[in-house]
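What follows is a single structure, written as structure tokens, with notes after it.
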Amino acid sequence: MEKTSRKLTIKYALLQSTYWISQCTIYSFAAIYLQYRNFNNTQIGIVLSLSAILSIILQPVVSAFADKSKKKTVRNIILILLLIAFASAILLNIKANSLLFIGCVFAIITAIQFTINPLLNSYALEYINNGYPFNYGLARGTGSIAFAITSFFLGHGVSRFSGAIIVPFFLISYVFLFLSASFFRLKDTDKEAANLSKNHRIEDISDENENPPSTILGFFIKYKRFTLMLVGITMLFYAHSLINTYLINIMENVGGDSSDMGLSLTIAAALELPTMAAFAYIIKKLRCHTIIKTASFFFLMKSLFIWLAPNVNIVHLSQAFQMLSFALFTPASVYYVNSIINKEDRNKGQAMMGVATIGLSGTIAYITGGNLLDTRDPSYMLLMGFIVSIVGFIIVCFSTEKSKI
């Protein structure tokens with residue numbers, strides 16, 4: 001069992017790492033690539049908003065299909081989406097004269113990227129729920145380190161060679177991502193060697209009476225308290241999205257530059273690993289609902305500290321809250337959904353969490369953040385983010401249900 005767990009952890013760490021390398025490339029450097037393709041700031045905001053809106057539509061639809069389909073496994077769905085995104089990225093190199101064409105294709109690629117993220121969580125839980133344990137937190141933390149390393153080196157590469165290298169680098173990373181997704185499965189010998197263990201297996205709340213999967217509207221009606229929680233999470237991640245999207249503006253406001261922005265992103269991503277690696281231990285001491293409330297508090301503290309930051313060093317220091325906010329929330333939310341949502345609706349549950357943390361929060365942040373920067377300044381934008389975070393924190397605290405794990 002221990003050998004099987006180690007194999008799965010390594011394979012899933014490779015899958016998460018290749019995903020976050022590709023995500024860093026196409027999303028974190030989106031503004032640089034689109035500027036290279038002659039987009040102005042307003043047009044960049046429109047493209048990123050479109051990608052977030054598409055992900056809001058795509059994630060529930062794909063997850064509903066995954067819940068309903070008996071023939072298409074989550075792995076097969078991921079592979080199909082990867083092929084679509086890969087083909088789309090190739091088009092950016094073949095025909096790239098029209099800004100409308102580039103913007104639409106780029107939005108499709110990033111929307112697929114957003115959609116794949118919750119599917120990767122569902123994919124992992126397919127194994128965990130069937131009694132094949134592995135260290136999800138450590139594997140996910142490895143992805144954060146891959147993101148940090150990629151942002152550092154790609155930032156230097158772009159400075160030397162321009163944004164022209166971004167799409168080719170993305171295509172190369174996608175080849176490895178596709179291979180990682182293809183190889184993430186157990187051999188028959190590993191399945192025979194692994195015995196079901198109650199100590200590792202997440203309790204399945206619907207093993208005995210599995211019902212037909214809910215429709216998307218039915219999901220919101222069925223899980224009213226979870227839906228309210230998603231509203232609070234969206235509000236918490238609004239400030240998180242503002243910080244990540246407009247970090248360059250925040251840095252320049254306190255006397256920093258793009259190199260300071262790159263260092264700050266690297267610090268935040270690198271600090272996620274210790275917490276995520278230790279999550280298997282943390283989950284034995286605290287239940288998911290407690291961890292989520294704790295993480296929500298530190299999201300609030302991060303938005304407060306970065307709003308009040310007088311200089312670059314304090315902005316860097318505020319990234320330390322990443323250890324107790326995003327790094328705690330990410331694995332806890334995956335396990336939380338698995339605990340409170342019935343088996344037949346879990347893919348939708350993971351997708352709705354993705355919609356809240358990336359889709360809705362990102363869309364609102366792209367639209368309002370840019371406007372606040374144009375009409376006011378970064379400090380005012382961060383103040384608004386902090387105020388919204390306060391409301392989000394209160395909603396999350398009152399709507400989070402007691403989980404079984």
Side-chain angles (χ1 to χ4, degrees), residues 13-39 44-45 47-48 50-52 54-55 78-79 81-94 96 102-120 140-181 241 244-248 258-259 261-270 272-273 326 330 354 358 362 366:
L14 181 60
L15 180 57
Q16 283 285 346
S17 296
T18 50
Y19 169 77
W20 284 105
I21 289 171
S22 67
Q23 180 71 345
C24 177
T25 305
I26 203 66
Y27 183 67
S28 295
F29 286 82
I32 293 176
Y33 173 74
L34 293 173
Q35 285 172 357
Y36 166 75
R37 303 307 317 190
N38 299 317
F39 283 73
I44 292 171
V47 172
L48 293 179
L50 177 60
S51 68
L54 285 175
S55 75
I78 291 173
L79 292 175
L81 289 174
L82 290 176
L83 288 174
I84 295 172
F86 186 83
S88 300
I90 290 176
L91 290 178
L92 289 177
N93 288 326
I94 294 175
I102 297 170
C104 290
V105 172
F106 193 88
I108 290 171
I109 295 170
T110 49
I112 289 175
Q113 280 288 101
F114 292 151
T115 303
I116 288 173
N117 188 25
L119 286 175
L120 291 179
R140 177 59 183 81
T142 304
S144 296
I145 291 297
F147 183 99
I149 295 172
T150 302
S151 62
F152 180 80
F153 285 103
L154 189 57
H156 283 282
V158 167
S159 297
R160 184 174 180 180
F161 300 107
S162 84
I165 69 171
I166 291 175
V167 171
F169 191 90
F170 174 77
L171 289 170
I172 294 171
S173 70
Y174 240 52
V175 171
F176 289 100
L177 175 55
F178 186 88
L179 292 174
S180 299
S241 297
N244 288 337
T245 304
Y246 299 107
L247 186 56
I248 182 61
S258 58
S259 62
M261 183 199 77
L263 177 59
S264 196
L265 284 174
T266 302
I267 291 171
E272 293 172 8
L273 177 60
F326 186 82
T330 298
I358 300 175
Y366 303 144

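We count residues from 1, following the sequence as given. Computation of the quantities below employed the complete heavy-atom set of this structure, encompassing side-chain atoms and omitting hydrogens, waters and symmetry-equivalent molecules.
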**Partner residues of F147 under the ring pair (Phe, Tyr, Trp, His ring centres under 6.0 Å) criterion, sequence neighbours left out** = none
**Item:** Rounded distance [0.5 Å steps], OG in S173 versus CH2 in W20
**Value:** 13.0 Å
**Request:** Tell me, please, which residues at least two apart from F114 pass ring pair (Phe, Tyr, Trp, His ring centres under 6.0 Å).
**Result:** Y27
**Request:** Hey, could you give me the OG/CG distance between S241 and L48, rounded to the nearest 0.5 Å?
**Result:** 11.0 Å
**Fill in**
Closest heavy-atom pair, S51 versus A111, reported as atoms and distance to 0.1 Å, is O-CB, 3.5 Å
**Prompt:** Is there a side-chain contact between L15 and L177, using heavy atoms and a 4.5 Å cut-off?
**Reply:** yes
**Asked** How long is the gap from CZ on F153 to SG on C24, to the nearest 0.5 Å?
**Response** 12.0 Å
**Message:** Looking at every non-hydrogen atom in both residues, tell me the closest pair between A52 and S55 and how far apart they are.
**Reply:** O-OG, 2.6 Å
**Request:** Give a yes or no on whether the backbone of T25 and the side-chain of S28 come within a donor-acceptor separation of less than 3.5 Å.
**Result:** no
**Message:** Going by ring pair (Phe, Tyr, Trp, His ring centres under 6.0 Å), name the residues that satisfy it together with F152, two or more places apart in sequence or in a different chain.
**Reply:** H156
**Prompt:** I32 and side-chain contact (heavy atoms from CB on, under 4.5 Å): which partner among I44, V158, L154?
**Reply:** V158
**Message:** To the closest 0.5 Å, what do you measure between CG (L54) and OG1 (T110)?
**Reply:** 7.5 Å
**Message:** Tell me the closest heavy-atom pair linking A30 and I26, and the distance in Å.
**Reply:** CB-O, 3.5 Å
**Asked** Any side-chain donor paired with an acceptor under 3.5 Å for S22 and Q113?
**Response** yes
**Prompt:** Out of curiosity, Y36 OH to I166 CD1, how far, rounded to the nearest 0.5 Å?
**Reply:** 9.5 Å
**Asked** Do Y33 and L92 have side chains that get closer than 4.5 Å, going by heavy atoms?
**Response** yes
**Item:** Sub-4.5 Å side-chain heavy-atom contact between L50 and F106
**Value:** no
**Message:** Looking at every heavy atom in both S180 and L14, which two are closest together, and how far apart are they?
**Reply:** OG-CG, 3.4 Å
**Message:** Quick one, F170 with I109, criterion side chain to side chain contact (heavy atoms under 4.5 Å, CB included). Give me CA distance, side-chain angles, the key distance, then yes/no.
**Reply:** CA-CA 11 Å; F170 174 77; I109 295 170; 3.7 Å; yes
**Prompt:** Taking all non-hydrogen atoms of both residues, which atom of G157 and which atom of I165 are closest, and how far apart?
**Reply:** C-CD1, 3.6 Å
**Contact summary for L273 and T142, nearest pair of heavy atoms** = CD1-N, 3.7 Å
**Asked** What is the distance from atom CD1 of I78 to atom CZ of F178, rounded to the nearest 0.5 Å?
**Response** 11.5 Å
